[in-house]
2 protein chains.
Amino acid sequence: MHKTHNNSKQRKAVLEAIRSTDTHPSVRWIHEQVKTKLPGISLGTIYRNIKVCREEGSVVSVGVVNNEERFDGIVEPHPHAVCTKCGRIIDIDDLPEAENIHLSGFTVDKRRTVFYGTCVQCCRAGKNLLAQFGRLRKGFSHN
Amino acid sequence: MHKTHNNSKQRKAVLEAIRSTDTHPSVRWIHEQVKTKLPGISLGTIYRNIKVCREEGSVVSVGVVNNEERFDGIVEPHPHAVCTKCGRIIDIDDLPEAENIHLSGFTVDKRRTVFYGTCVQCCRAGKNLLAQFGRLRKGFSHN
DNA sequence: GTGCTTGCAAACGCTTTGCAAGAGT
DNA sequence: ACTCTTGCAAAGCGTTTGCAAGCAC
């Protein structure tokens with residue numbers, strides 16, 4: 001049931017790289033970073049290890065910016081600020097209340113709140129059954 | 001300066017399709033929907049018209065769910081709920097305060113707030129100059 | 001005619017995956 | 001041995017784009 005993991009040096013390096021920064025890095029950044037320590041590491045290995053880390057809960061995705069998924073080693077949910085010019089993602093730990101904050105110089109254009117969870121239809125349906133089905137690439141049809 | 005738009009029937013149909021639903025449709029959905037009225041319309045045209053509509057401000061993106069960008073004809077920012085099982089995106093107009101809401105049956109797992117705007121570095125830099133540069137696909141490097 | 005728009009198909013870019021070889025226990 | 005993991009390369013898939021033809025004014 002519980003998969004035993006080898007905890008290869010590659011996996012450790014990936015997790016370490018993600019935890020070493022607060023820039024919410026992309027796969028490309030992580031790859032470049034890890035390559036300085038393990039020059040031979042391949043992109044596929046980065047992807048696969050990020051996936052494992054996410055399943056383990058040691059890494060979360062903070063969304064897609066400019067076509068690249070961005071990751072965080074701080075897994076506790078917290079607000080972020082995304083610069084629409086350069087793509088920087090900044091942690092916002094002490095959530096300000098006004099719309100027009102200027103947190104450390106960050107000027108807010110718009111604010112988006114997203115709740116993640118389970119909708120009525122999926123709540124009703126058998127959990128495991130629909131869960132698997134719904135996660136299939138082409139399976140779902142958001143109607 | 002101000003581009004004159006033809007407002008082709010294709011463009012109208014795309015905008016109409018997006019406005020016809022509250023499901024925050026994907027390109028695929030929009031294409032299928034518009035094809036029932038304009039069977040010959042191509043995917044590229046859907047993409048190009050969505051782009052124009054976004055630049056005009058008549059359509060906004062509400063994010064990427066399961067690899068597909070999702071759009072909204074209601075351009076005023078408002079919170080959304082994303083079902084992690086089936087990918088549904090639901091409008092939340094009356095924002096509840098607690099974490100454990102059960103709005104119309106939607107059970108919240110986690111909540112994410114994202115601010116979009118301009119970071120210090122980009123604020124300092126000349127607006128137009130860096131703005132263009134920063135938006136380039138490969139140009140930026142979120143450090 | 002001029003400039004915006006379209007359909008088509010090819011290209012792009014990020015991500016995933018099949019496979020045979022390698023590592024860890 | 002057995003299982004997990006890796007590097008490589010190819011494939012997948014959503015999205016973008018070059019181009020010649022079409023449309024609207």
Side-chain angles (χ1 to χ4, degrees), chain A residues 1-18 24-32 34-35 37-56 59 61-71 87 135-142, chain B residues 1-18 24-32 34-35 37-56 59 61-71 87 135-142:
Chain A
M1 202 89 278
H2 190 267
K3 222 178 177 185
T4 101
H5 283 141
N6 274 1
N7 267 327
S8 64
K9 58 176 189 281
Q10 287 90 338
R11 175 121 76 232
K12 276 178 195 147
V14 166
L15 185 52
E16 213 171 273
I18 296 174
H24 313 84
S26 63
V27 169
R28 183 162 50 92
W29 187 97
I30 297 165
H31 188 207
E32 245 127 71
V34 174
K35 265 198 292 188
K37 292 178 181 169
L38 304 172
I41 197 168
S42 74
L43 247 190
T45 298
I46 306 287
Y47 278 105
R48 278 185 287 231
N49 279 321
I50 291 176
K51 193 180 181 190
V52 172
C53 289
R54 291 180 66 181
E55 287 164 357
E56 284 181 351
V59 165
S61 165
V62 295
V64 176
V65 174
N66 283 316
N67 280 328
E68 293 185 305
E69 185 141 32
R70 303 281 288 271
F71 302 95
R135 282 202 191 97
L136 289 177
R137 251 307 146 58
K138 314 295 296 180
F140 77 106
S141 63
H142 58 76
Chain B
M1 198 91 276
H2 191 266
K3 222 177 177 188
T4 98
H5 282 140
N6 274 0
N7 269 324
S8 64
K9 59 176 189 280
Q10 287 90 339
R11 176 119 77 233
K12 278 179 195 149
V14 166
L15 185 52
E16 210 171 276
I18 295 174
H24 314 84
S26 63
V27 169
R28 185 162 48 92
W29 188 97
I30 297 166
H31 189 207
E32 244 129 69
V34 174
K35 264 197 293 188
K37 291 178 181 169
L38 303 173
I41 196 166
S42 75
L43 245 190
T45 296
I46 307 286
Y47 277 106
R48 277 185 289 231
N49 280 320
I50 291 177
K51 194 180 180 190
V52 172
C53 288
R54 291 178 67 179
E55 287 164 357
E56 284 181 351
V59 164
S61 165
V62 296
V64 176
V65 174
N66 284 317
N67 281 326
E68 292 185 306
E69 185 141 31
R70 302 280 288 270
F71 302 94
R135 283 204 191 95
L136 289 178
R137 251 307 147 58
K138 312 296 296 180
F140 77 105
S141 64
H142 58 75

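Labels below follow one simple rule: chain letters A, B, ... track the order of the sequence lines, proteins then strands, and each chain is numbered from 1. The model shown is predicted, which means the values in this text are computed figures rather than measured ones. Excluded from the calculations below are hydrogen atoms, water molecules and symmetry mates; all remaining heavy atoms, backbone and side chain alike, are included.
The phosphate of C/dG7 (OP1 or OP2) has a side-chain N or O of B/Gln10 nearer than 4.0 angstrom. Side-chain nitrogen and oxygen atoms of B/Asn67 include none within less than 4.0 Å of the OP1 or OP2 phosphate oxygen of D/dG12. Remark: B/Asn49 is in phosphate contact with C/dT6, judged by side-chain N or O atoms under 4.0 Å from OP1 or OP2. Contact between the side-chain N/O atoms of B/Ser8 and the OP1/OP2 oxygens of C/dT6 is found at a separation under 4.0 Å. The side chain of B/Thr45 contributes an N or O atom lying less than 4.0 Å from OP1 or OP2 of C/dG7. OP1 or OP2 of D/dT15 sits under 4.0 Å from a side-chain N or O of B/Tyr47.
Atom P of nucleotide C/dT16 and atom CD of A/Glu55 are separated by 11 Å, given to the nearest angstrom. Separating the NZ atom of B/Lys51 from the C1' atom of D/dG14 is a distance of 15 Å, rounded to the nearest angstrom. The distance between atom CD1 of A/Ile50 and atom C1' of C/dT15, rounded to the nearest whole Å, is 11 Å. Residue B/His31 contributes atom NE2, which lies 16 Å from atom C1' of D/dC13 at whole-angstrom precision. Distance, B/Lys9 NZ to C/dG7 P: 8 Å, rounded to whole Å. Between A/Trp29 atom CH2 and C/dC14 atom C1' there is a gap of 19 Å when expressed in whole angstrom units. Straight-line distance from the CZ atom of B/Arg54 to the P atom of D/dT15: 10 Å, rounded to whole Å. Spacing between atom CD of A/Glu68 and atom P of C/dT16 amounts to 13 Å, rounded to whole angstrom units.
A residue-by-residue look at A/Leu43 and B/Ser42 shows that B/Ser42 has its nearest nucleotide of DNA chain C further toward the 5' end.
Closest approach of B/Ile50 and B/Ile18 over heavy atoms only: CG1-CD1, 4.3 Å. Nearest heavy atoms, A/Leu38 versus A/Gln10: CD1-CA, 3.8 Å. For A/Val34 against A/Ala17, the heavy-atom pair with the smallest separation is CG2-CB, 3.8 Å.
The base of D/dG18 lies close enough to the side chain of B/Arg48 for a donor and an acceptor atom to sit less than 3.5 Å apart.
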Pair B/Ser61-B/Arg54, side chain to side chain contact (heavy atoms under 4.5 Å, CB included): steps then yes or no: CA-CA 8 Å; B/Ser61 165; B/Arg54 291 178 67 179; 3.6 Å; yes
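Side-chain contact between B/Lys9 and B/Lys37 is absent, with no heavy-atom pair separated by less than 4.5 Å.
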